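Each residue takes its place number in the sequence, starting with 1. Scope of the values below: all heavy atoms of this structure, side chains included, with no hydrogens, waters or symmetry mates. Counting starts at 1 for both ligands and their atoms, in listed order. In this text the structure is predicted, and so the values were computed from the model without any measurement.
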Amino acid sequence: MDLKSGIRLHNLFTDGYDSVFINSGTLPYREQALEKVDFQGMNFTPLFEDDAYLPKRDWRSLSSNEINRLQADENRKEYNTIYVGDLPGNLKESLQKLELVDSKNREEVMKRFNANPEVVQSVSAEIQHFLSPISNNKPFHFHCIAANLPNLEMVACDITRLRPNFTVPEKRYIGLHNDGTQFMTLHTTYKFGNRITINLGKQTRIFYFVNLTMIQALNMLKKKIDVKKHQLTIYNIPAYFFKYFPDYPVIKILQKPYQYYIAPTDNAFHDGSTLGNTALDINMVYFGAFRC
Ligand SMILES: [Fe+2]
């Protein structure tokens, strides 16, 4: 299926479209050969939720027509555009001083933050300086520092579905998904801003997305099924969408260390991945309504 004109990409990477790929769609996770995680004494094949869908692995570069369809124009907003780029040099240098990259787990990452209060202060000031001009005069705030194991095909999981005191190999990954909360409907997800995710790790990580808004995905599904009868919500729409549109392409972005992506993750199917990596994935997230 051809890319539709939907969510666009504002690409500020110095290597442009060398870091952007497209495929021919998605598969239920059971039909994909799964990679193993082997890190710090942990050795397991990740589990997935029953209705998890993964991108196919037939990645290729985009054609010039596809680039034209994806490339953002002056109408870019926080809800219809994914922005990617490199951090300013001073911020990158301050982050490097934290020496996070060889951390073995999230606790160690946090320890290194706590051990360097002066560096953290300059990082925080430089982040404010970087984000303020792109904040669209709306409030923004720190959300989290996350760590993911290397060689995970998909990184998102819903821990509320797990038993208390679950172990890492018991996590069930949800596959391509939209974020969102009980306060949103498929018609309002575009009103809830976006996030910036910065790669603080040692290796390139992957960001996957489908360039359709929730309203576009819903309108496509309306041509296939009675969406009222099936009671489509922000929670079940990915399973319906990937069942009925397995040939809709996924976009893959390679996010090198100290590069960022900004994405309306409530309003688009997406996930992160550390496939092929050997070191801990570390990233930092701020919420806002960023436009650049
Ligand atoms: Fe997500």
Interatomic distance, L152 atom CG to I206 atom CD1 [nearest 0.5 angstrom]:
11.0 Å
Answer with yes or no after comparing the ring centroid distance for Y260 and F207 against a 6.0 Å cut-off, counting only values under it.
no
Between F269 and H177, ring centroids under 6.0 Å:
no
Please give me the protein atoms (N, O or S only) lying under 2.8 Å from the Fe ion (ligand 1), ordered by chain and number.
H177 NE2, D179 OD1, H270 NE2
Can you run down the side-chain hydrogen bond (donor to acceptor under 3.5 Å, both in side chains) pairs that involve residues 114-142, sequence neighbours left out, and say none if there aren't any?
S94-E126
Which residues pass the salt bridge (Lys or Arg N to Asp or Glu O under 4.0 Å) test with D51, sequence neighbours left out?
none
Residues clustering with I215 (ILVMFWY side chains joined when closer than 4.5 Å, directly or via others):
Y79, Y190
